[in-house]
Structure formats: structure tokens, C-alpha cells
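Contents: one structure, followed by commentary.
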Number of protein chains: 2
Amino acid sequence: MRIIFADDHEVVRHGLRFYLERLADDVEIVEAGTFEEAFAKAIDGPPPAMILLDLRLPDIQGMDGLERMRARFPRVPTVVLSGDLSQIRIKEALNRGAAGYLPKTLGGKAMLRALELVMAGETFVPSLALDEGNGTAGDYDPTAPLSSLTPREREVLSHLIEGRANKEIARALDIKEITVKVHLTKLFRKLKATNRTQAVRIALDHGFSA
Amino acid sequence: MRIIFADDHEVVRHGLRFYLERLADDVEIVEAGTFEEAFAKAIDGPPPAMILLDLRLPDIQGMDGLERMRARFPRVPTVVLSGDLSQIRIKEALNRGAAGYLPKTLGGKAMLRALELVMAGETFVPSLALDEGNGTAGDYDPTAPLSSLTPREREVLSHLIEGRANKEIARALDIKEITVKVHLTKLFRKLKATNRTQAVRIALDHGFSA
DNA sequence: TTATGTCTCATACCTTAGTATGGCAACGTT
DNA sequence: AACGTTGCCATACTAAGGTATGAGACATAA
């Protein structure tokens with residue numbers, strides 16, 4: 001039984017391997033420090049029984065890795081591993097087909113049980129995801145704020161996060177300042193921000209990178 | 001030989017324990033998930049030979065934990081553990097007497113060697129800290145930007161990070177808007193920011209919380 | 001083809017942010 | 001008592017941010 005496991009921290013890989021080895025007798029753990037490495041190893045060899053993906057890998061941003069894995073291995077349960085506990089990201093991952101969302105804070109026995117659950121074909125949802133108690137367990141919020149942004153808006157946002165002024169952004173993108181403002185107004189609406197500073201905060205909270 | 005080890009992620013504790021056990025024959029590893037737990041366990045019992053502190057613990061912010069440990073156990077090497085590789089934080093930790101700064105990305109053998117180094121009374125400085133090549137190994141930047149803030153400035157900064165407008169901040173603190181501006185101008189100078197958005201970015205980068 | 005979405009820019013307008021300079025009061029240190 | 005720091009406020013000003021509305025160019029999907 002092959003398990004692909006990508007995390008850029010060796011300590012974490014070492015720690016989690018302890019649990020993975022206890023999942024079955026014939027476990028083969030394939031470790032990777034980057035997404036591309038994990039992807040290559042997943043393709044090259046027998047089909048994996050489970051894929052574990054850290055959300056913060058050096059060569060991908062956000063949920064892209066999850067989506068690529070899902071596209072290539074639609075029937076293999078893919079579990080997202082993260083230190084981030086924000087409800088938004090949990091929902092986002094589950095919406096994109098993750099078979100589970102494992103907080104790194106999860107205790108030993110809970111971690112093992114969660115992994116067994118996933119191997120059994122279930123979806124593991126950390127209790128935090130339902131804290132806000134707004135409905136049945138099934139209806140994850142389909143509005144992942146960051147994913148609704150257009151490429152240009154993303155680009156503007158990245159400059160925003162660097163603290164650049166509209167004028168500077170305009171120069172960098174070779175467009176007029178007023179156009180930057182238009183992008184920003186739309187950006188704020190999508191992120192439910194009322195100003196640029198709030199937008200930066202929200203974007204960083206939701207794991208924006210790049 | 002007692003080693004105190006605080007990290008809120010069980011996986012990390014498990015992973016690092018593997019290396020710690022290999023440091024000597026009679027190693028007793030005392031794990032803790034919070035700073036207070038670690039502090040209590042450190043005091044209660046024989047003096048520890050080494051203290052390992054994650055920078056992001058639920059009950060402390062920033063370098064406070066390091067300082068408290070240093071104050072109570074000035075002769076015990078205290079190593080900071082972090083996933084954050086920013087030069088600023090490395091320098092800040094070393095300035096406050098840390099015996100080393102261990103990135104969680106550190107590979108197995110390197111991790112072991114770094115720990116041995118510290119146990120031998122040396123200071124482990126990750127190579128990243130010196131990347132900018134500005135001088136000899138000894139001159140860490142003494143300007144920890146966040147620590148130079150006054151209490152009021154911190155308070156203003158916390159509102160800033162929430163994306164609140166000057167007017168709102170003024171109302172929240174029950175002072176005039178112009179006073180908020182004065183605080184901000186000083187804040188920007190200390191953080192080397194040119195506007196509020198940049199200040200938020202810098203503060204978050206440097207691990208500001210509260 | 002029509003419709004939809006993205007990106008661009010414009011005019012007009014108002015609000016907010018930020019700087020410079022200086023004064024006043026409270027507090028703790030030397 | 002003199003000093004430094006912090007915190008509060010003021011006037012005056014310039015610069016930047018943000019909204020509303022409309023419109024043309026382009027590409028792509030229905």
C-alpha cells in the first residue's frame with residue numbers, strides 16, 4: 001500500500017510517518033519535500049492508496065496542488081495537511097475534493113483515527129469547521145473569496161500586499177492609475193473589504209501568496 | 001539530562017524527539033504544548049540542560065517566551081524553533097540570548113549537528129541569517145522594530161491590522177483622529193513603512209500579534 | 001450573433017491618509 | 001529641578017484613496 005506524503009519540513013514528515021506506519025502492515029511511505037517531487041513519485045509506480053499534501057509547499061500556492069492531484073488521481077483520497085485552522089481554508093479544501101483536512105495540532109490518537117477514517121473512504125472534517133453552526137454538515141461555503149479573483153486582480157493584490165501605492169502599481173503594470181482603482185474597487189467587493197488595508201489582512205488570512 | 005521542549009504541534013514534537021533522543025544516553029525529554037506548561041515543568045525538577053522553544057505558542061507572542069526563559073535560566077542554552085526564516089526574526093532571537101535558531105526545514109543530519117553544537121556551548125546560526133553579507137558574524141541588527149513600539153503604538157497597530165480607518169481607531173480609543181495620525185506617523189518611522197498597508201505587512205511579517 | 005466577462009480608461013466628486021510643526025500635561029529617572 | 005518619554009491635541013496643508021457611472025476593445029462561450 002503506497003502513501004504519498006508531501007511536506008517541506010522534515011520534522012513533520014518524521015513525526016507523521018510514525019502514525020502512517022501504523023495504518024496497515026504493508027505500508028510504503030513515499031516522502032516528498034515539494035509538490036513536483038510528490039507528483040512525479042505518485043505517477044511513477046503503483047497507484048497510491050492515499051495522498052497527503054501540506055498546503056504550504058515551496059513550489060505551489062494555495063489549493064493548486066490539491067486540484068492537480070485530484071485531476072490526476074480522482075479516485076485516490078487526498079488529505080490536506082495544514083497548521084492553519086481557519087474555517088475558510090478547511091471549507092475550500094473540502095469543496096475541492098479533499099478527503100480530509102488534518103490540522104497539525106491534532107493529537108496522536110485522533111490523528112490515527114482520522115487517517116483510518118480516510119482510508120475507509122470517509123471524509124474527515126475537523127470539528128472546527130462546523131463551529132459556526134450555520135447548517136447541516138454538507139453545505140460548505142462555495143464562496144472561496146480568493147478563488148473568485150481574476151488574474152489581473154490577483155496581480156494587483158500582490159502589489160497591494162507589498163504596500164505599494166496606486167501610482168506605483170500603475171507604473172508596474174503599465175496601466176493608468178484610475179484603472180488600478182477600478183480593479184481595487186472590485187477586489188474590495190469580492191473580499192468584503194472596505195479599504196486596502198483590510199484587503200491585505202483578509203488576503204493574508206486566507207493564505208494568499210504570490 | 002533534561003531537555004525542555006515546547007511546541008504546540010504534536011507531530012513536530014514527535015518528529016524532533018527522534019533527534020533529541022540521539023543526543024546522549026540519558027536524555028529525558030520533557031514535552032509541553034504551551035509556554036506556561038514548559039515554564040512550570042522547567043522550574044519543577046532538576047535544572048534542564050537545554051530548552052527548545054517554538055516561537056508560535058498559543059499563550060505567548062513573539063519573543064516574550066524566550067525572554068522569560070532567559071531571565072529564569074540565564075545559563076541554560078535556549079534554542080528557538082521556528083518555521084519562519086526571515087532574517088529579522090533570527091537576529092532578534094539571537095540578540096535576546098537564544099543559543100540557536102533552528103528552522104523546521106533543517107534536514108535530519110543538520111538538525112542533529114546543530115543540537116550537538118548547542119549542547120557544546122556554541123551558538124547555532126542558520127546560514128540564512130548571514131545571506132545579506134553585511135559584515136562579520138557578530139553584529140546582529142539591534143533594532144528589533146516591533147519591540148521599540150510604545151504600548152499605545154501597539155494598540156493603534158492592532159487596529160490598523162484589522163483594517164480600521166483612523167476615524168474608527170479614534171473612536172475605539174476615545175481620542176481625536178489627529179492623535180491617531182500622530183501615532184501612525186511615529187509608527188511608520190519605526191517600522192520603516194511609508195503607509196499603513198506596508199505597516200500591516202511588516203508587522204505581520206515580524207510576527208506581531210495581539 | 002448575442003451575450004458575458006475581462007481589461008482598459010475617462011470625468012467628476014468626496015473622503016481619508018499622511019506630513020510638518022508646535023504646544024501642553026503627566027510620569028518616572030537622574 | 002531638569003530631563004526624556006509618552007500621550008494628547010491643534011492648525012494647515014498636500015497627496016492619496018475610494019466611489020459612481022459610463023464606455024470602448026477584445027476574447028470566448030452559448
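Just so we're on the same page: letters track the sequence lines, and every chain starts at 1.
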What is the distance, rounded to the nearest whole Å, between atom [atom1] of [X] and atom [atom2] of [N]?
X: Glu168(B); N: dT15(C); atom1: CD; atom2: C1'; result: 13 Å
X: Glu153(A); N: dC7(C); atom1: CD; atom2: C1'; result: 10 Å
X: Lys186(B); N: dA20(C); atom1: NZ; atom2: C1'; result: 13 Å
X: Lys167(A); N: dG18(C); atom1: NZ; atom2: C1'; result: 14 Å
X: Arg189(B); N: dG18(C); atom1: CZ; atom2: C1'; result: 11 Å
X: Ile169(B); N: dG18(C); atom1: CD1; atom2: C1'; result: 13 Å
X: Ile175(A); N: dA25(D); atom1: CD1; atom2: C1'; result: 15 Å
X: Leu184(A); N: dT16(C); atom1: CG; atom2: P; result: 17 Å

Are [X] and [N] close enough that a side-chain N or O sits under 4.0 Å from OP1 or OP2?
X: Arg152(A); N: dG5(C); value: no
X: Asn166(A); N: dG17(D); value: yes
X: Lys176(B); N: dA10(D); value: no
X: Thr185(B); N: dG18(C); value: no
X: His183(B); N: dC8(D); value: yes
X: Thr150(B); N: dG7(D); value: yes
X: Thr179(B); N: dC9(D); value: yes

Qualifying residue, where the test is side chain to side chain contact (heavy atoms under 4.5 Å, CB included) with Ile3(A) and the options are Arg17(A), Met50(A), Glu31(A), Glu28(A):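 Only one option passes, and that is Met50(A).
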Nucleotide of [options] approaching [X] most closely (side-chain heavy atoms):
X: Lys181(B); options: dC9(C), dG18(C), dC9(D); result: dG18(C)
X: Pro151(A); options: dC7(C), dC9(C), dG18(D); result: dC7(C)
X: Ala165(A); options: dG18(D), dA12(C), dA16(D); result: dA16(D)

Using a heavy-atom cut-off of under 4.0 Å over every strand shown, decide if Ile178(B) touches base, sugar-phosphate, or nothing.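 Touches a base.
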Which residue lies toward the 5' end of DNA chain C, Val182(B) or Phe188(B), if each is placed at its nearest nucleotide?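 Counting from the 5' end, the first nearest nucleotide belongs to Phe188(B).
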Could you tell me whether Arg68(B) sits above the aromatic face of Phe39(B), with NZ or CZ closer than 6.0 angstrom to the six-membered ring centre and within 45 degrees of the axis?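 Relative to the ring axis of Phe39(B), which defines the angle, Arg68(B) lies inside both limits.
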Axial cation check for Phe5(A) ring with Arg13(A), 6.0 Å and 45° limits: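 Here Arg13(A) fails the 6.0 Å and 45° test against Phe5(A).
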Could you walk me through whether Glu153(A) and Lys186(A) pass salt bridge (charged side-chain N to carboxylate O under 4.0 Å, His left out), step by step? CA-CA 8 Å; Glu153(A) 284 162 359; Lys186(A) 290 175 182 170; 5.8 Å; no
Checking Thr179(A) side chain against Ile175(A) main chain: does a donor-acceptor pair fall under 3.5 Å?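 Checked: no pair found.
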DNA chain D: Arg164(A) or Glu177(B), which has the more 5' nearest nucleotide?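 Closer to the 5' end of DNA chain D: Glu177(B).
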When you look at Arg152(A) and Glu155(A), which way does the salt bridge (charged side-chain N to carboxylate O under 4.0 Å, His left out) test go after all the steps? CA-CA 5 Å; Arg152(A) 204 50 159 176; Glu155(A) 206 167 355; 3.0 Å; yes
